[in-house]
Amino acid sequence: MAEEFIEKKEERPLNFLERIIEDDLANNRVTDNIIITRFPPEPNGYLHIGHIKSIWINFGLAQKYGGKCHLRFDDTNPEKEEMEYIEAIQEDIKWLGYDWGDYLYHASDYYEQLHQIAVNLIKRDLAYVDSLSGEEVREYRGTLTTPGKNSPDRNRPINESLKLFEEMRQGKHPEGKYVLRAKIDMASPNMNLRDPALYRIKFASHPRTGDKWCIYPMYDYTHPISDAIENITHSFCTLEFEDHRPAYDWATSIDDIDHTPKQYEFARLNISYTMMSKRRLLQLVNSKVVTGWDDPRMPTISGIRRRGYSPESLIDFVSRVGVAKVESLVDHSLLEFCVREDLNKRAQRVMAILDPLKVVITNYPENKSEYLVAENNPEDPAASTREVPFSREIYIEREDFMENPPKGYHRLYPGNEIRLKHAYYITCTDVIKDEEGNILEVHCTYDPLSKGGMSSDMRRVRGTSHWVSVKHALNAEVRLYDKLFLTEVPGSETGNYLDDLNPDSLTVIKEAKVEPFLKEVKSGQYLQFLRNGYFMADSRDHSSDNLVFNRTVTLRDSWSKKVAKMG
RNA sequence: UGGGAUGUAGUGUAAUGGUAACACUGCAGAUUCUGGUUCUGCCUUUAGGGGUUCGAAUCCCUUCAUCCCAGCCA
């Protein structure tokens, strides 16, 4: 099995990044033939599914080609960054199964070095301290179609810039007063080259360096130099940084840098009916639309973990999506396919009734109980069996009974015989209703010779229902999750993604009836509630005294689809 | 209207001058102690127009469409 899987993986055609690597390796462009990549999140929020693609690319490619992948926190904007995020990010990467080993870095590790290089830049007349205000900088920058013009400070004497930069560092100037800028080209058609800011003043406390610094380096300056310091060979990032590559190359070509990493860009992952913007996800958290970053409806790694997704299914998903440079929108059904495929192979099967309807088996002895053998997973020969209690009164799903069934319905209805999974055949004899006609309970008779779920004469029944014994049933809270948004691209029509929120993204069932086995399960264990979907005990609220389960994903359901089509 | 990129079934991704394919979705059907799984089949594709070539998704020209860039964010 394992070999087949690996072989299958090997057969996958190479993506363009793999080709670049193989080409570099084949032409001895990589020192010692060891490629070094890096995954560089900014700790300003939780990781989401989109990051899984980047993690898979950076860690996965390093793994595949016998290289290394660094984890580096791009922590250059203390106003947005927090220790909580730094910790959560590490937990999420580990959960996905990747390991950075000893290679944990922070851009802030290089602040001293970065500062020294900046000083040298000034000395070489490649950077200057500018006193233009933010607004003035914008005016001087020009527009997309017109060139910018030089700042009056562009020719500030080197000594003066040196002195001012030092004063900036010492905290002698307020935020916004000065900025260190690279001297490149104010007329460049590429906006990123119109004397980009290198350092700005911020009196914010940094999660790692505290109040040691009050000037912080910008991304375009920090990232390439950090890559160079760490001897990164291949710096993979998303498409929106394509325009920054010239700035990247500018930074890695300055005299103090002796290693030249190369940047390559790939398309970020977009999935229909959700969104990957950290800023918007933060808004959902802050506005309490969801309960937190790990709300099971969130596309965050911590959210989908709590929801019950397996790391394997997520890696499989991103690998199926592939890598290219086309801006794409992957259908969420592929993600659902991947979880189902993985969970089908490993989920423990159990019986749980979400919408109980009582069934009385009138010819079954009043006080009798018995234990019946149930398979734990028909897809896994190694998964053994468990015992499930059965008695005269059971619950089945309300939708498994209809007094007047439509054509094609082969569940329980008056006169019809069905199988109770792992138990007996039963035939509906009576429907008990209240004065208003609501169905209170259903009466059936059972065939004692069909114990275990197959009749002695091998006669066939079309329907099989799951069930839970009334007197043995445990109460459970079940949270049914659905898409957070109703449109493929939230906000694409109205301009406000909040307009597209799905009001029914969460349905809480307080009184689900589940088999006793569920008292023993813990969060992290993959479950299939027979015929209902895949579930996992909630990592925050579940305990053996207070059962709480989250629905990961439904089972595929061709019947209700057919019913819907019939009208 | 400056610059940078990208256009292959509904959605992703292959095919790198030589028969357009794989997965997901959708639709049929078979199997089934989960209307699940599994299996089989079907539908639909090279943005448009020119050119080069025996032969073009691939090379050239051109048109069109989409995305990114005017943070002291990353």
Side-chain angles (χ1 to χ4, degrees), chain A residues 12-15 19 40-42 44 74-77 79-81 130 132-134 137-139 141-148 175-181 188-194 196-202 215-216 218-220 222-223 237-246 265 267 272 278-279 320-338 340-341 344-345 349 351 374-375 378-379 408-411 419-423 425 452-454 460-466 488 528-533 554-563:
Chain A
R12 179 174 59 76
L14 298 182
N15 63 50
R19 281 190 200 139
E42 183 190 10
N44 65 343
D74 234 332
D75 52 351
T76 55
N77 185 357
E79 282 167 2
K80 293 184 176 176
E81 297 155 7
D130 197 355
L132 250 30
S133 71
V137 167
R138 203 180 315 132
E139 284 164 18
R141 185 157 32 225
T143 69
L144 294 175
T145 51
T146 57
E175 290 186 11
K177 178 86 184 287
Y178 292 113
V179 61
L180 183 71
R181 290 231 256 168
S188 172
N190 183 337
M191 300 300 275
N192 299 302
L193 262 21
R194 319 248 259 231
L198 263 25
Y199 271 89
R200 75 288 211 195
I201 301 169
K202 274 182 195 289
I215 55 170
Y216 290 94
M218 300 287 291
Y219 169 88
D220 271 339
T222 311
H223 201 90
C237 63
T238 45
L239 247 28
E240 66 268 29
F241 291 99
E242 251 169 344
D243 284 348
H244 292 252
R245 196 178 339 123
E265 310 85 11
S272 59
K278 270 198 232 175
R279 188 179 59 82
R320 281 171 186 264
V321 167
V323 186
K325 296 192 72 148
V326 203
E327 201 70 51
S328 60
L329 181 66
V330 177
D331 200 289
H332 78 294
S333 64
L334 180 63
L335 179 58
E336 296 199 337
F337 167 82
C338 292
R340 288 191 183 113
E341 185 185 53
N344 176 50
K345 279 180 291 193
R349 269 62 170 176
M351 295 197 285
E375 58 190 352
E379 304 294 321
Y409 185 88
H410 46 252
R411 277 116 94 151
R419 168 173 34 239
L420 292 176
K421 182 80 176 172
H422 311 308
Y425 283 15
M454 190 52 82
R460 303 171 61 117
V461 290
R462 294 275 292 179
T464 299
S465 280
H466 57 289
E488 287 199 350
Q528 184 193 98
F529 286 7
L530 230 55
R531 304 207 300 137
N532 269 319
T554 59
L555 257 28
R556 273 186 60 199
D557 182 1
S558 53
W559 168 244
S560 59
K561 216 183 270 178
K562 192 182 277 181
V563 172

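Per chain, numbering begins at 1; letters A, B, ... match sequence-line order.
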Query raised in the report: With a non-hydrogen cut-off below 4.0 angstrom, is A:G463 in contact with a base, only sugar-phosphate, or nothing?
Result: nothing
Report task. Would you mind classifying the nucleic acid contact of A:K421 as base, sugar-phosphate or nothing, using non-hydrogen atoms under 4.0 angstrom? Result -> base
Requested in this report: If B:A21 has a Watson-Crick or G-U wobble mate with both distances under 3.5 Å, name it; if not, just say none.
Outcome: B:U13
Report task. Ignoring the backbone of A:A197, work out which of B:C72, B:U25, B:U34 is nearest its side chain. Result -> B:C72
Query raised in the report: Between A:R349 and B:U37, does any side-chain N or O lie under 4.0 Å from OP1 or OP2?
Result: no
Query - A:R141, nearest nucleotide to its side chain (from B:C72, B:A74, B:U1) - result: B:C72
Query - A:S333-A:D331 side chain donor-acceptor pair, cut-off 3.5 Å - result: yes
Report task. Report which part of the nucleic acid A:L334 touches: base, sugar-phosphate, or nothing (heavy-atom distance under 4.0 Å, all strands). Result -> sugar-phosphate
Requested in this report: Round to a whole Å and report the spacing from CZ of A:R460 to P of B:U31.
Outcome: 8 Å
Query raised in the report: What does A:E379 touch in the nucleic acid at a heavy-atom separation under 4.0 angstrom: a base, only the sugar-phosphate, or nothing?
Result: base
Query raised in the report: Which part of the nucleic acid, if any, lies within contact of A:Y178, taking any heavy atom under 4.0 Å across all strands shown: a base, the sugar-phosphate backbone alone, or nothing?
Result: nothing
Query raised in the report: What do the steps show when you test A:K278 against A:E42 for salt bridge (Lys or Arg N to Asp or Glu O under 4.0 Å), and what is the final call?
Result: CA-CA 10 Å; A:K278 270 198 232 175; A:E42 183 190 10; 5.3 Å; no
Report task. Answer with base, sugar-phosphate or nothing: what part of the nucleic acid does A:R462 contact at a heavy-atom distance below 4.0 Å? Result -> nothing
Report task. Name the closest nucleotide to the A:T145 side chain, picking from B:U1, B:U6, B:U25. Result -> B:U1
**Report entry** Side chain proximity check, A:R349 to A:E375, heavy atoms < 4.5 angstrom
**Finding:** no
Query raised in the report: When we call it a touch if two heavy atoms are under 4.0 Å apart, what does A:R181 touch: a base, just sugar-phosphate, or nothing?
Result: nothing
Requested in this report: Using a heavy-atom cut-off of under 4.0 Å over every strand shown, decide if A:L132 touches base, sugar-phosphate, or nothing.
Outcome: base
Query raised in the report: For B:G50, does the glycosidic angle fall within 90° of 0 (syn) or outside that (anti)?
Result: anti
Report task. Kindly point out which of B:A14, B:G3, B:U34 is positioned nearest to the side chain of A:D243? Result -> B:G3
Report task. Assign A:P378 to base, sugar-phosphate, or nothing according to its heavy-atom contacts below 4.0 angstrom with the strands shown. Result -> base
Report task. Please measure how far the P atom in B:U31 lies from the corresponding atom in B:G36, and state the result in whole Å. Result -> 14 Å
Report task. Just compare B:U6, B:U37, B:C73 and give me whichever is closest to any side-chain atom of A:R556. Result -> B:U37
Query raised in the report: Does OP1 or OP2 of B:C73 have a side-chain N or O of A:K278 closer than 4.0 Å?
Result: no
Report summary line: The nucleotide from B:U25, B:G3, B:A74 with an atom nearest the side chain of A:P189 is B:G3
Report task. Answer with base, sugar-phosphate or nothing: what part of the nucleic acid does A:S133 contact at a heavy-atom distance below 4.0 Å? Result -> base
**Report entry** Of the listed nucleotides B:U13, B:G26, B:G4, the one nearest the side chain of A:E242
**Finding:** B:G4
Query raised in the report: So A:H410 and A:W559, would you call those rings parallel, tilted or perpendicular, with 30° and 60° as cut-offs?
Result: tilted
Report summary line: Taking B:G12, B:C72, B:G26 as options, the one with an atom nearest any side-chain atom of A:L329 is B:G12
Report task. Identify whether any heavy atom of A:Y219 sits under 4.0 Å from a base atom; if not, whether one sits that close to sugar-phosphate; answer base, sugar-phosphate or nothing. Result -> base
Query raised in the report: Distance check: side-chain N/O of A:T464 vs OP1/OP2 of B:U32, anything under 4.0 Å?
Result: no
Report task. Select base, sugar-phosphate, or nothing to describe what A:H223 touches, counting heavy atoms under 4.0 Å on all strands. Result -> nothing
Report task. Would you indicate what A:E336 reaches in the nucleic acid, counting non-hydrogen atoms under 4.0 angstrom: base, sugar-phosphate, or nothing? Result -> nothing
Report task. Would you mind telling me which of B:U37, B:A74, B:C24 lies closest to the side-chain atoms of A:E42? Result -> B:A74
Requested in this report: Measure from the side-chain heavy atoms of A:Y409 and tell me the nearest of B:G35, B:A70, B:A74.
Outcome: B:G35
Query raised in the report: Heavy atoms under 4.0 Å, any strand shown: does A:R138 hit a base, just sugar-phosphate, or nothing?
Result: sugar-phosphate
